[in-house]
Amino acid sequence: MENMPKAVDLDDFDRRIIAALVEDGRMTVTDLAAQVGLSKTPCQVRLKRLQESGVIRGFRAIIDPAKLGMDHIAFTEVKLSDTREKALGEFNAAVRRIPEVEECHMLASNFDYLLKVRTADIRRYRMILGEKISALPHVASTSTFVAMETVLEAGHRRISRKG
């Protein structure tokens with residue numbers, strides 16, 4: 001746990017910059033500065049610092065999965081047969097290689113991991129579960145929950161403006 005990232009001290013302007021970019025990551029620095037109440041140069045300096053410190057890790061396009069035929073979401077609970085550090089590392093490395101797994105979280109629960117898996121349909125999910133997820137190192141069992149509707153997704157997060 002030595003590699004735990006340190007929290008970065010953010011003031012209200014930093015939080016406003018982050019919140020604005022979460023809403024529209026393509027806005028110009030001029031528009032960003034106007035929205036957060038700074039002039040352009042101080043806004044650029046803050047933006048650069050937020051990027052260099054790793055607070056802003058990058059910018060990406062938000063894709064509509066339904067338009068790509070990828071709107072089937074399943075959440076998969078995974079219980080491991082071995083939870084020692086070596087086994088966890090092997091599982092973590094292997095799960096990152098499955099493109100259909102959008103998210104993977106280790107939990108403090110009666111199971112070890114929760115995966116968010118996006119596929120075209122239930123048949124494709126079944127294949128991914130049987131051929132890839134169940135074959136991951138140290139998997140003892142899985143349980144699946146199929147999403148009926150997405151109400152709020154990570155690409156639409158709200159950032160708190162308060163510390």
Side-chain angles (χ1 to χ4, degrees), residues 1-8 10 14-27 31-32 35 47 50-51 53-163:
M1 299 294 171
E2 300 164 8
N3 297 339
M4 292 294 288
K6 281 184 131 179
V8 175
L10 302 174
D14 294 330
R15 291 183 191 287
R16 281 191 246 164
I17 289 169
I18 293 165
L21 291 173
V22 165
E23 289 300 315
D24 180 6
R26 292 184 56 157
M27 75 171 57
D31 291 342
L32 178 62
Q35 187 169 331
L47 182 57
L50 289 168
Q51 290 172 316
S53 67
V55 171
I56 296 175
R57 297 189 303 186
F59 298 89
R60 26 177 95 94
I62 299 173
I63 307 301
D64 183 342
K67 300 221 185 222
L68 299 175
M70 297 292 291
D71 56 345
H72 182 271
I73 298 172
F75 293 92
T76 309
E77 294 178 354
V78 177
K79 185 158 183 59
L80 300 183
S81 59
D82 183 352
T83 56
R84 291 175 289 184
E85 282 303 312
K86 184 175 188 277
L88 296 175
E90 291 169 355
F91 177 87
N92 293 348
V95 78
R96 287 184 182 106
R97 293 191 293 268
I98 302 174
E100 294 84 359
V101 176
E102 283 190 350
E103 296 180 19
C104 175
H105 305 274
M106 179 190 283
L107 302 178
S109 182
N110 60 343
F111 57 95
D112 301 300
Y113 287 89
L114 182 64
L115 312 181
K116 178 182 177 187
V117 184
R118 184 179 297 277
T119 57
D121 55 36
I122 192 74
R123 280 189 213 113
R124 178 73 179 151
Y125 171 75
R126 219 173 118 206
M127 193 282 293
I128 297 301
L129 179 65
E131 300 296 319
K132 295 183 180 182
I133 296 171
S134 294
L136 288 168
H138 312 287
V139 170
S141 64
T142 63
S143 184
T144 297
F145 303 88
V146 174
M148 294 173 52
E149 178 182 2
T150 298
V151 177
L152 179 66
E153 204 158 34
H156 299 90
R157 274 181 254 146
R158 291 177 215 70
I159 302 298
S160 170
R161 293 183 185 258
K162 298 285 184 205

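Throughout, numbering of the chain's residues begins at 1 and tracks the sequence.
At least one side-chain heavy atom of I18 sits under 4.5 Å from a side-chain heavy atom of L10. Using a 4.5 Å heavy-atom threshold, the side chains of L80 and L88 count as touching. Using a 4.5 Å heavy-atom threshold, the side chains of H138 and E90 count as touching. With contacts defined as side-chain heavy-atom distances shorter than 4.5 Å, the pair M106/F91 does not qualify. Considering only heavy atoms from C-beta on, E153 comes within 4.5 Å of K116 through its side chain.
Between A20 and Q35 the shortest heavy-atom distance is CB-NE2, 3.6 Å. Between I56 and L47, the closest heavy-atom pair is CD1-CD1, 3.7 Å. The heavy-atom pair separating M27 from L32 by the smallest distance is SD-CA, 3.4 Å. Heavy-atom minimum distance, Y125 versus A74: CE1-CB, 3.5 Å. Closest approach of P137 and A94 over heavy atoms only: CD-CB, 3.5 Å. Nearest approach of F75 to A147, heavy atoms of both residues: CE1-CB, 4.2 Å.
Interatomic distance, NE2 of H105 versus CG of D112, reported as 14.5 Å (0.5 Å rounding). Note that the CG atom of N92 and the CD atom of E85 stand 9.0 Å from one another [nearest 0.5 Å]. Once rounded to the nearest 0.5 Å, the distance linking CD of E100 with CG of L129 reads 11.5 Å. Note that CE of M70 is 10.5 Å distant from NE2 of H72, once rounded to the nearest 0.5 Å. E103 CD to L114 CG: the interatomic distance, rounded to the nearest 0.5 Å, is 8.5 Å.
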**Report entry** Working for side-chain contact (heavy atoms from CB on, under 4.5 Å), residues F111 and T76
**Finding:** CA-CA 10 Å; F111 57 95; T76 309; over 6 Å; no
Query raised in the report: side-chain contact (heavy atoms from CB on, under 4.5 Å) between F145 and E77: does it pass, once the steps are laid out?
Result: CA-CA 8 Å; F145 303 88; E77 294 178 354; 3.2 Å; yes
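Looking at T119, its side chain does come within 3.5 Å of a backbone N or O of D121 through a donor-acceptor pair. Using a distance-only test at 3.5 Å, with no hydrogens or angles considered, no donor-acceptor pair links the side chain of D82 to the main chain of A87. Panel note: side chain T142, backbone V78; no donor-acceptor pair is recorded below 3.5 Å.
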